[in-house]
> 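The structure is given below, and queries will be raised subsequently.
For clarity, every value in this text was computed on a predicted model and none was experimentally measured. Throughout, a chain's letter reflects where its sequence line sits, starting with A, and its residues are numbered from 1.
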Amino acid sequence: MERTLAADLPGKVGQRVKLEGWVHAVRKFGQVNFLILRDRSGTAQTVLDPAALEKISGLQAETVVAVEGTVEPEERATNGVEVRDASLQVISPVTDVLPFEINKRVLKPSLDVFLNNAPVGLRFPAKAATFRLFSGLLHGFREYLSGNDFVEIHTPKLMGSASEGGANVFAMDYFGKPAFLAQSPQLYKQIMVGVFERVFEIGPAFRAEEHYTVRHLNEYTSLDVEMGFISGMDDVMDLLVALIQHMVTSTAERYPREAEMVGMTVPRFATVPRLTLRDAQRLILDRYGEDHTAEPDLSPQDERWLGEWASQEHDSDFVFVTHYPTAKRAWYSKPDPADPEYSLSFDLIFKGQELVSGAQRINEYEEYLRVMEARNMNPASFSGFLEAFKYGMPPEGGFAIGSERLLMRLVGADNIRETTLFPRDVNRLEP
RNA sequence: GGUCCCGUGGUGUAGUCUGGUUCAACAUGCCACCCUGUCAAGGUGGAGAUCGCCGGUUCAAAUCCGGUCGGGACCGCCA
């Protein structure tokens, strides 16, 4: 018999069906016994007779079973239907007790215990829902950009030189030669603007920084976008807002059940305020009484304050901060012609946390040579990158979204490890 | 890299300050039995922890001290 999914039972009342899935829970009452079966679509209640019950005797939750029975309307069942007169077949028995319960309303174990047992812990319905939403966000990302003439690319993660400079790169041996794991697709996506004008990439980024925070990973999934023929940085920021809006709203529409399950709400976009770093710092001084006006960057506390301000004064969960000091930003960021001390760069803060970093880039070959000399970089190490600019590059810019951070804020998680399937941090490399 | 906090049955916690017959407890899970409507099922009973590890103080240590290992939070840094 063909398999029926749990979610499709209401449309099959009166029919004989076969369900296949995991034993989510068993509730025994002596004369009437329920088995809650879980598959990819959800859960279904089945009523087992003594013979069927006997087959799972001694077996634990998560045993994989097939259940055949008749779909009957039943007000007392959660979905309004249940499967009766069920016969049962064990497909894959489980004899070991689970490390912790995954069929309760809430998940009990600490984050560390959960992550140590992620292969089974991720089956907890709200956990699975979280990562289904992640899939929805990526789908929305692709959908929006593809619909706007962007081309998806995949660039190498094995690098012969460190693109961003700095010491936070993972070094490795590549057939006897030194190599590095890519910190970002930055240089390649800029090169590809010369080919497609508009490109995007979903891929891993590796950072060897020993950060001990709730919002950093040593490997994360970066959502990179780069576009040419821009008239200014605002074009890039406009795209970014529209993109995130589509990602979130389409995900909420695609997976309403999951969104409800984890309490994901669509953030407020009304008007995303844009202010320069210096104006932001003056605002913090005025509103919160802390003088950070000489700092080259925002502190996490500053970001929280700005998030609060945007929420209260602009009804927005987002706020752009622009024009960071040129010396503080990556070398390919374009200095503001009106004031070269500051760059045409921006960060997008989402609910008080940095989510996106972007900029208009330098697009003139000669200027790259000047910048590299000023920063003591060797142009020979970037000959491939420079070639793209030597042979004609329009004004261009782009950004990178931290995908796990987006999900983290959307579902209200306290730690980015909760919205990463198998997180990699300073002391976690397994599972 | 800096600062601070926490390690108690499978899981989550109480007990630690004020050391000793409320000191090994509670909830959940597991096992057995009861129950014809549960959906965090309920009831009765049972098994399960030398209180992370090593050392010290003391008549006596889960409890105080030191070290070590593991975990967490904040800062730096960033997405």
> When the C1' atoms of G71(B) and C34(B) are considered, how many whole Å apart are they?
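G71(B) and C34(B) have their C1' atoms separated by 43 Å.
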> One thing to verify: whether E74(A) and R76(A) come together as a salt bridge, which I'm taking to mean a side-chain N less than 4.0 angstrom from a carboxylate O.
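Yes, R76(A) and E74(A) are salt-bridged.
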> Any salt bridge linking E258(A) with R132(A)? Criterion: basic side-chain nitrogen under 4.0 Å from a carboxylate oxygen.
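Answer for the salt bridge query: yes.
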> According to a cutoff of under 5.5 Å between the ring centres and under 30° between the ring planes, does Y220(A) stack with the base of A79(B)?
yes
> Ignoring the backbone of R304(A), work out which of U11(B), C75(B), G37(B) is nearest its side chain.
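Output: C75(B).
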> Taking the P atom in each of G52(B) and G10(B), what is the distance between them to the nearest angstrom?
12 Å
> Between P on G12(B) and CG on N117(A), what's the gap in Å once rounded to a whole number?
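These atoms are roughly 10 Å apart.
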> The side chain of D112(A) lies closest to which of these nucleotides: U36(B), G12(B), G71(B)?
G71(B)
> So, E354(A) and R304(A), do they make that salt bridge, N to O below 4.0 Å?
no
> U38(B) phosphate, OP1 or OP2: any side-chain N/O from K28(A) under 4.0 angstrom?
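So the side chain of K28(A) is outside the cut-off, no N or O lying under 4.0 Å from OP1 or OP2 of U38(B).
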> Return the value, rounded to whole Å, for the distance between atom CZ of F346(A) and atom C1' of C78(B).
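To the nearest whole Å, that distance equals 15 Å.
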> Is E303(A) side chain donor-acceptor paired with the C78(B) base, going by distance under 3.5 Å alone?
yes
> Can you check whether any acceptor in the base of C78(B) is under 3.5 Å from a donor in the side chain of H211(A), or vice versa?
no
> Could you check which of C78(B), G29(B), C75(B) has an atom nearest any side-chain atom of K104(A)?
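Of C78(B), G29(B), C75(B), G29(B) is nearest to the side chain of K104(A).
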> Which nucleotide, if any, forms a Watson-Crick or G-U wobble pair with A73(B), using both distances under 3.5 Å?
U3(B)
> Provide the distance between the two C1' atoms, one in U63(B) and one in U22(B), to the nearest whole Å.
16 Å
> Less than 5.5 Å between centroids and less than 30° between ring planes, does F34(A) satisfy that with U38(B)?
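Yes; by the centre-distance and plane-angle rule, F34(A) counts as stacking on U38(B).
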> Quote, to the nearest angstrom, the C1' distance that separates C74(B) from U57(B).
34 Å
> Considering only side-chain heavy atoms of N427(A), which listed nucleotide, G71(B), U11(B), C75(B), is closest?
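Among G71(B), U11(B), C75(B), the one nearest the side chain of N427(A) is G71(B).
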> What's the CG-P distance between L98(A) and A40(B), to the nearest Å?
18 Å
> A79(B) P sits how many Å from L298(A) CG, rounded?
13 Å
> Please measure how far the P atom in U21(B) lies from the corresponding atom in C39(B), and state the result in whole Å.
42 Å
> For a quick check of understanding: with a heavy-atom distance under 4.0 Å over all strands, which category does L217(A) fall into, base, sugar-phosphate or nothing?
base
> Can a side chain N or O of S110(A) be found less than 4.0 Å away from OP1 or OP2 on G12(B)?
yes
> May I ask you to decide whether E430(A) forms a salt bridge with R428(A), counting only side-chain N to carboxylate O separations under 4.0 Å?
no
> Less than 4.0 angstrom from a charged side-chain N to a carboxylate O is my criterion; do D238(A) and R274(A) meet it?
yes
> In terms of side-chain geometry, is the basic nitrogen of E143(A) or R254(A) positioned less than 4.0 Å from the acidic oxygen of its partner?
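Salt bridge flag = yes for R254(A) with E143(A).
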> Taking any heavy-atom pair under 4.0 Å as a contact, classify N103(A): base, sugar-phosphate, or nothing.
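It contacts nothing in the nucleic acid.
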> Need one value for E82(A): base, sugar-phosphate or nothing, where a base atom within 4.0 Å counts as base even if backbone is also close, heavy atoms only.
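Base contact.
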> Choosing from C78(B), G76(B), A73(B), which nucleotide comes nearest the side chain of E209(A)?
G76(B)
> Out of A79(B), U11(B), A73(B), which has the shortest distance to the side chain of S357(A)?
A79(B)
> What contact category does V106(A) fall into here, base, sugar-phosphate, or nothing, at under 4.0 angstrom with non-hydrogen atoms?
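It contacts nothing in the nucleic acid.
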> Hey, is E226(A) close enough to K189(A) for a salt bridge, meaning N to O under 4.0 Å?
yes
> Can you measure E430(A) atom CD to G71(B) atom P for me and round it to whole angstrom units?
13 Å
> Would you tell me if any nitrogen or oxygen in the side chain of R27(A) comes within less than 4.0 Å of OP1 or OP2 on A41(B)?
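Checking A41(B) against R27(A), a side-chain N or O does come within under 4.0 Å of OP1 or OP2.
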> Among G37(B), C78(B), G29(B), which nucleotide sits nearest the side chain of R207(A)?
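It is C78(B).
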> Just N and O in the side chain of N116(A): are any of them under 4.0 Å from OP1 or OP2 of G71(B)?
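False: N116(A) side-chain N/O out of range (4.0 Å or more) of G71(B) OP1/OP2.
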> Write down the distance separating the C1' atoms in G72(B) and G12(B), rounded off to the nearest Å.
16 Å
> Find the distance R428(A):CZ to G70(B):C1' and express it as a whole number of Å.
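Those two atoms, CZ and C1', are 11 Å apart.
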> Let me confirm one number: the CG-NE2 distance from L275(A) to H323(A), rounded to the nearest 0.5 Å.
11.0 Å
> Of the nucleotides C78(B), G12(B), U38(B), which has the atom closest to the V113(A) side chain?
G12(B)
> With rounding to the closest Å, how many angstrom separate the C1' atoms on G15(B) and C51(B)?
10 Å
> Contact class for I36(A) (heavy atom, under 4.0 Å): base, sugar-phosphate, or nothing?
nothing
> Within the 4.0 Å heavy-atom criterion, would you say A77(A) contacts the bases, only the backbone, or no part of the nucleic acid?
base
> Just how far, in rounded Å, is P of G48(B) from CZ of F100(A)?
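To the nearest whole Å, that distance equals 25 Å.
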> First locate atom CG of D347(A), then atom CZ of R329(A), and finally report the distance between them rounded to the nearest 0.5 Å.
4.5 Å
> Under 4.0 Å between a side-chain N/O of T78(A) and OP1 or OP2 of C39(B), yes or no?
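For T78(A), the contact criterion (side-chain N or O under 4.0 Å from OP1 or OP2 of C39(B)) is not met.
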> Is there a donor-acceptor contact under 3.5 Å linking the side chains of S311(A) and R268(A)?
yes
> Mind calculating the distance between NZ (K108(A)) and C1' (C30(B)) to the nearest angstrom?
12 Å
> Nearest of G1(B), G37(B), G29(B) to any side-chain atom of E101(A)?
G29(B)
> Measuring from the side chain of H216(A) (C-beta onward, heavy atoms only), which nucleotide among C78(B), U28(B), G71(B) has the closest atom?
C78(B)
> Under a 3.5 Å cut-off for both contacts, is U28(B) paired Watson-Crick or G-U wobble with anything, and if yes, with which nucleotide?
G10(B)
> Using purine N1 to pyrimidine N3 plus N6-O4 or O6-N4 for Watson-Crick, or N1-O2 and O6-N3 for G-U wobble, both under 3.5 Å, which nucleotide pairs with A61(B)?
none
> If you go through the side-chain atoms of E210(A), does one of them form a donor-acceptor pair with the base of G76(B) closer than 3.5 Å?
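There is none.
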> Could you check whether V47(A) gets within reach of a base, just the sugar-phosphate, or nothing at all, counting any heavy atom under 4.0 Å?
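No contact.
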> Whether Q60(A) contacts C31(B) is assessed here as follows: a side-chain N or O lying under 4.0 Å from the phosphate OP1 or OP2. Is that the case?
yes
> How is T43(A) classified with respect to the nucleic acid when contacts are heavy atoms under 4.0 Å: base, sugar-phosphate, or nothing?
nothing
> Distance between the C1' atoms of U13(B) and U8(B), in whole angstroms?
9 Å
> Base, sugar-phosphate alone, or nothing: which one does N415(A) contact when heavy atoms must sit under 4.0 Å apart?
sugar-phosphate
